[in-house]
Structures are given as C-alpha cells and as structure tokens.
Amino acid sequence: MSDPEGSGFSSMEGREEQQAFDAVRAVVAWYADRIAAEGRAPVPDEARVRELKVARRAALDDQAQLATADPEEAAGVAAFYAARLRELAES
C-alpha cells in the first residue's frame with residue numbers, strides 16, 4: 001500500500017519546480033524578445049543589449065539551480081520570477 005502523504009509530497013514538489021521553471025522561462029523569453037527587437041532597430045543600443053543579455057544569463061543560471069532546489073526554494077524562485085515578469089510587462 002502506498003503512503004498518501006508521501007505521494008502527495010512528491011506531486012507537490014514537482015509542481016513547485018515546474019511552476020518555477022515556467023516562470024523563469026517566461027522571463028528568459030521576454031529578455032530574448034527584447035534582445036531581438038533591439039537587434040532589429042536601425043541603431044541598436046549596445047548598452048541596452050548587454051544589460052538584457054546579463055539579465056537573461058542570470059535568469060538562466062537561476063533556472064539551472066532549480067535542478068537541486070527543494071520545494072521551498074522552488075516556490076521562492078517561482079514567486080520572484082512571476083513578480084519580475086509583471087514588472088517587465090509594465091515597463
């Protein structure tokens with residue numbers, strides 16, 4: 001007989017990690033879109049492109065850390081990147 005509490009925890013843990021991964025991926029996509037748009041500009045702002053690339057790299061690094069994150073850490077990453085995406089969308 002399986003342990004309902006144990007299986008519930010496993011499902012929750014995977015869900016937190018997936019939510020964090022999705023939130024980070026959305027922010028990475030936002031940065032990639034802006035980098036591409038800046039590259040299409042008649043005179044790209046190289047400083048802006050560098051800034052966007054640094055921010056995208058930081059997000060990708062955080063995404064890589066999710067592989068070893070516990071559920072609490074994953075939830076924190078998900079919340080941070082969900083808020084970050086809202087900020088970026090408003091700018």
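- Atoms CD1 and CD, on I35 and E51 in that order, are 10.5 Å from each other to the nearest 0.5 Å.
- Here the straight-line distance linking atom CG of D33 with atom CZ of R56 works out to 11.0 Å at 0.5 Å rounding.
- When all heavy atoms of A74 and A20 are compared, the pair lying nearest together is O-CB, 3.3 Å.
- Atom CD of E17 sits about 9.0 Å away from atom OG1 of T68, to the nearest 0.5 Å.
- Minimum heavy-atom separation, V28 to A59: CG2-CB, 3.6 Å.
- Taken to the nearest 0.5 Å, the CD atom of E16 stands 12.0 Å off from the CD atom of E73.
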* Asked: Between R34 and E38, does a side-chain contact (heavy atoms from CB on, under 4.5 Å) hold up when you go through it step by step?
  -> CA-CA 6 Å; R34 295 315 178 278; E38 192 62 46; over 6 Å; no
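- There is a side-chain donor-acceptor pair under 3.5 Å between D22 and Q18.
- Between W30 and L52, some side-chain heavy-atom pair lies under the 4.5 Å cut-off.
- A23 and A82 get closest at one heavy-atom pair: CB-N, 4.1 Å.
- A distance of 11.5 Å separates CD in E87 from OH in Y81, rounded to the nearest 0.5 Å.
- Separating the CG atom in D62 from the CZ atom in R84 is a distance of 12.0 Å, to the nearest 0.5 Å.
- Between V54 and R57 there is no side-chain heavy-atom pair separated by less than 4.5 Å.
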